[in-house]
Amino acid sequence: MGEMGGALITGAAQRIGRCLAETLGAAGWHVVVHYHQSKNDAEETVRAITDAGGRADALAADLSDPAACARLIDAAQALTGGLGCLINNASMFVEDTARTIDAETFDRVMAVNLRAPAILSRAFAAQVPEDGEGVIVNILDQKLANPNPDFLSYTLSKHGLAALTEMTAASLGPSVRVCAVAPGLTLPSGDQPQFQFDAVHGRTPLGRGSRPEDVAGAVMYLLGARAVTGETILVDGGQHLVPSARDVMFLDPAPSKEIGE
């Protein structure tokens with residue numbers, strides 16, 4: 001797949017995004033590491049890829065700015081000679097509920113988590129030749145299959161991104177396929193203590209949650225699955241099969257009978 005050219009990954013300076021960037025770099029893609037404010041981390045990610053013999057560049061953009069999204073695709077295309085892959089990974093994760101939601105937070109979360117992927121997808125598809133093969137992978141969340149009331153704006157944005165996945169898959173073919181990966185609890189979020197993360201990470205049917213390399217493996221499968229479009233792969237150790245009244249960040253670290261030890 002590497003001969004397809006460039007791969008733009010949003011939010012690729014840290015966490016899952018960095019693992020995706022390094023995985024695609026090792027597979028032969030010319031990776032464009034997008035970041036907003038994490039310049040040092042982005043440059044470290046680029047160095048990790050190039051030190052391993054891959055090709056990578058870093059580009060900054062504020063995804064809440066629609067014009068910046070379009071410019072990002074143009075700049076990434078110019079750097080790589082043509083994009084064959086777009087991974088919409090960047091995401092704002094803000095704590096709110098139906099009782100605390102405010103318009104400013106809601107609008108910014110939607111701008112970054114949903115509007116930006118829509119604009120990026122449009123611009124990406126426009127630069128894929130009619131006889132080409134482009135792939136878009138959107139990063140969702142297992143919360144879509146296992147809902148709870150926490151992180152309302154974030155969760156609503158992921159519902160929208162799931163719908164965007166299916167709608168663009170139906171309209172951007174045959175030159176562009178669109179799929180999604182929905183991770184479960186993968187890394188500590190925000191100020192979540194490590195001990196709390198460790199305690200709940202394994203509360204799944206498989207006795208383990210997802211790891212960054214699991215998410216990257218699913219993405220790599222989709223990049224090569226030429227007959228698959230409009231599909232979402234849950235990568236969560238079965239977390240979505242275990243109902244939870246609260247987000248995992250708020251679960252008691254003590255074992256719960258509800259989980260089933």
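Here the structure is a predicted model, which means the values were calculated and not measured.
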Test item: [X] and [Y] side chains (from C-beta on) under 4.5 Å apart, heavy atoms:
X    : Y    : answer
E213 : T23  : no
H240 : T204 : no
L59  : V33  : no
T97  : F151 : no

Is the backbone N or O of [Y] less than 3.5 Å from a side-chain atom of [X], with the two atoms forming a donor-acceptor pair by type?
X    : Y    : answer
N89  : I139 : no
R55  : G28  : yes
D214 : R211 : yes
R177 : L223 : yes
E231 : V228 : no
S64  : A111 : no

What I want to check is whether the side chains of [X] and [Y] have a donor and an acceptor closer together than 3.5 Å.
X    : Y    : answer
S210 : D236 : no
D96  : S153 : yes
D57  : H30  : yes
K158 : N113 : no

For the atom pair [atom1] ([X]) and [atom2] ([Y]), what is the distance rounded to the nearest 0.5 Å?
X    : Y    : atom1 : atom2 : answer
Q239 : R208 : CD    : CZ    : 12.5 Å
I49  : R18  : CD1   : CZ    : 8.5 Å
L83  : L86  : CG    : CG    : 8.0 Å
F124 : C69  : CZ    : SG    : 15.0 Å
R122 : Q127 : CZ    : CD    : 13.0 Å
N148 : K143 : CG    : NZ    : 3.5 Å

Least distance between heavy atoms, [X] atom then [Y] atom:
X    : Y    : answer
Y35  : A13  : CB-CB, 4.1 Å
A56  : T50  : N-CG2, 4.0 Å
S121 : P117 : OG-O, 2.6 Å
C179 : L222 : CB-CD1, 3.8 Å

Is it possible for you to say whether [X] and [Y] belong to one hydrophobic cluster, with membership spreading through side-chain heavy-atom contacts below 4.5 Å?
X    : Y    : answer
V128 : V32  : yes
L152 : L140 : yes
V235 : I87  : yes
L8   : L79  : yes
L72  : I136 : yes

Exercise for the section: For the pair F93 and Y154, name the ring-plane relationship: parallel under 30°, tilted 30 to 60°, perpendicular over 60°. Expected result: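 Plane angle over 60°, so perpendicular.
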Problem - Charged N-O contact under 4.0 Å between E104 and R108 - result: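 No, no charged N to carboxylate O under 4.0 Å.
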Side-chain polar contacts of residues 168-176 - donor-acceptor pairs under 3.5 angstrom, sequence neighbours left out - could you list them?
from : atom 1 : to   : atom 2 : distance (Å)
T168 : OG1    : L164 : O      : 2.5
T168 : OG1    : T165 : O      : 3.3
S171 : OG     : M167 : O      : 3.1

